[in-house]
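The structure appears right after this line, and notes come after that.
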There are 2 protein chains.
Amino acid sequence: MRWREHPEPDVSAEPAYSGTSRPRRTVVALGGNAIAPAGTGGTAEEQTRNIRRAMTLIAELIVDGREIVITHGNGPQVGNLLLKNEMAKDVVPAMPLDWCVAQTQATIGYQMITALEHALEAHGDLSTVVPVISRIEVSADDPAWSDPSKPIGPYITDEAEVARRRRDGQQFVDLGGRGWRRVVPSPRPRTLLESMTINLLLDAGAVVVANGGGGIPMVRGDDGLLVGVEAVIDKDLAGALLARELRATGLVILTDVEAVAVDFGTPRQRWLSKIGTRDLRTLAAKGEFARGSMGPKVEAALTFVDDTGMPAAIGSLDDVIAVVRGHAGTLVVPDAATAERSRS
Amino acid sequence: MRWREHPEPDVSAEPAYSGTSRPRRTVVALGGNAIAPAGTGGTAEEQTRNIRRAMTLIAELIVDGREIVITHGNGPQVGNLLLKNEMAKDVVPAMPLDWCVAQTQATIGYQMITALEHALEAHGDLSTVVPVISRIEVSADDPAWSDPSKPIGPYITDEAEVARRRRDGQQFVDLGGRGWRRVVPSPRPRTLLESMTINLLLDAGAVVVANGGGGIPMVRGDDGLLVGVEAVIDKDLAGALLARELRATGLVILTDVEAVAVDFGTPRQRWLSKIGTRDLRTLAAKGEFARGSMGPKVEAALTFVDDTGMPAAIGSLDDVIAVVRGHAGTLVVPDAATAERSRS
């Protein structure tokens, strides 16, 4: 817990928003980088170790009587699968992006069950943990289809390779000296397709892992058949949708910095401990939060708080217990107008 | 439906074994080859098409009032993942076998939900389908650990590569002119770790896909922590355990031939339409059924019938509706002594 630069924590913040008869249900979103940090390669052993560490912390929240739904990113893991696709493509059929997302839901999910059930048992809690293979419907009319903006996979410096892959239909962004990177559409999550399953499991007392990697993106064709698509759904926006659909009393987005900051990375950097949606939106409009980094996390938090009148928090995985309790990270709270609307 | 060489079907066979108050619960085991036939490479499109075809048939059984639990193999799919591991190993960490099994549970399972829900909707049935990421505990004392016998992945003809991979701890079997093939232990499935989840989902009316690829093999360490292991559990034996644990009224093992045969592939070949466990075991002991092919299917059927007194059937995926109804394939029934024991 790193709390030095924060003002006194607002310990009254959390109970004020959990005055429902239902248990405090919190959706916790872990980054894929927290499981396979960029640069290490992400062997199975490393990922298992990181997942165990995170689940040991999450277990304390569950034992404390909180209902936790876990969602997680998969950037580095999908990046590795895409590299394997590419390197083996002359011998083994490459698998499309939606299949890769499904694969990471299973590997990360399988490790999470094992680690979290074990951590809970250490507290005498025999709860069942269930990773749900989760599809999300996106719109065929989403503007993202004509503006692929989500970079995935490795940096490529070989121009001939980029040209060849462009002929295969892939799109790339030129990053100057660092080379090129493949970009795919990132449509907005529209409909969770596994809501009934997730609710059934939660009602039965299970701890659920859902929407891994933002969910498997699918579009419904004219014949009503869902078809997987080559896209990546932002896992924090998907987490906000999940939290809303599950009527969660809070959304917690974990990252590798301790909170949202203004003037991030400058001598004037200042952590935000508590902020209303209107002020946060003003900062976002001024470009305070990096696209592809803190930007989507702030957007996801704003979406959830605006839609539900419940608070969201952004903070560090290492501080997760304090962040969930409202003692660390940035707490995003509704403005008076939003709070009024959601009460009525 | 190919029934030419069969005697008159015993249409009374099935109802005689489903005289419980619970709906007729049938575990149906599909082969991984039925989804990605060997030789085609198994692109995503091909696998999707094959899964849709199979799910269209399975949907008819469900609409007919039967409770179906699906399990499936993953041989070709895991083979492809291992090839990718190998070809990309200098750049991306290779993933162990238990992670690969998890990956195939997700990809096949994700396609199965989508295809089966769609096929059911066409009949006006809005049932939810849930693929369960399924772990199976195996014993650290299983004799299989010292006798790896399950061939996985491609044939290798480069002796230097075999030598290198042996130094990495992999084991190979020499297949003479065809080269070498990696072999891994195939321990007996001992404990389903997702029973509670599966039962909860079934009780809620979901169609469940479970134990894909025989389940993710795990061993429990001295500290009580489950750890994934490099092994492959036979999916039909795992299916027999699943059927027993779920108190299924039948186990149906699907393959690419229409039934169990004696003198298979000879001019004297004869399909078996109905046989008791004692006679079938006698044939198995005479070596009638090929190891790694019909052998494990017969063993799985015998295990289920002996353990439960309920019937098992072995037949072709194309005939699945008739096989489940007892009108095609080979029906394996308890001997009088077994039936007596299971009634008492």
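Reckoned from all heavy atoms, side chains included, excluding hydrogens, waters and symmetry mates. Below, chains carry the letters A, B, ... as their sequence lines are ordered, and counting in each starts from 1.
- Here B/Thr114 is the residue among B/Leu226, B/Val101, B/Thr114 with the most heavy-atom pairs under 4.5 Å with chain A.
- In this structure, CD1 in A/Ile156 is found 4.5 Å from CZ in A/Phe172, a value given to the nearest 0.5 Å.
- For the set A/Thr104, A/Leu193, A/Val132, A/Asn85, the count of heavy-atom pairs under 4.5 angstrom toward chain B peaks at A/Asn85.
- Contact annotation for A/Asp98: both backbone and side-chain heavy atoms come within less than 4.5 Å of a heavy atom of chain B.
- Summarising the geometry of A/Trp145 relative to A/Pro187, their closest heavy-atom pair is CZ2-CG, 4.0 Å, with the distance given to 0.1 Å.
- Proximity to chain A (any heavy atom under 4.5 Å) is shown, for B/Ala206, by neither the backbone nor the side chain.
- The choice from A/Gln103, A/Lys89, A/Gln105 that makes the most heavy-atom pairs within less than 4.5 Å of chain B is A/Gln103.
- Neither the backbone nor the side chain of A/Ala115 comes within contact range of chain B; no heavy atom of the residue lies under 4.5 Å from a heavy atom of that chain.
- Stacking of B/Arg181 on the aromatic ring of B/Tyr155 is recorded, both the 6.0 Å distance cut-off and the 45° axial limit being met.
- Proximity to chain A (any heavy atom under 4.5 Å) is shown, for B/Leu225, by both the backbone and the side chain.
- Contacts of A/Glu117 with chain B are made by side-chain atoms alone, with heavy-atom separations under 4.5 Å and no backbone atom involved.
- For the options A/Leu201, A/Val130, A/Thr48, A/Ile113, heavy-atom pairs under 4.5 Å to chain B are most numerous at A/Ile113.
- When each of B/Met87, B/His118, B/Glu194, B/Glu121 is checked for heavy-atom pairs under 4.5 Å with chain A, B/His118 comes out on top.
- Proximity to chain A (any heavy atom under 4.5 Å) is restricted, for B/Thr128, to the side chain, taken from C-beta onward.
- Within a 6.0 Å radius of CZ in B/Arg190, no more than 12 heavy atoms belonging to other residues, nucleotides or ligands are found.
- When all heavy atoms of A/Ile108 and A/Gly73 are compared, the closest pair comes out as CD1-O, 3.9 Å.
- Chain A forms the most heavy-atom pairs under 4.5 Å with one residue out of B/Thr197, B/Val227, B/Leu81, and that residue is B/Thr197.
- A donor and an acceptor atom, one from each side chain of A/Ser195 and A/Glu245, are nowhere located under 3.5 Å apart.
- Results of the side chain to side chain contact (heavy atoms under 4.5 Å, CB included) test with A/Leu116 over A/Ile70, A/Ile68, A/Asp125 single out A/Ile70 as the only residue that passes.
- When each of B/Arg53, B/Gln47, B/Glu46 is tested with B/Asn50 by the rule side chain to side chain donor-acceptor pair (under 3.5 Å), just one qualifies, namely B/Arg53.
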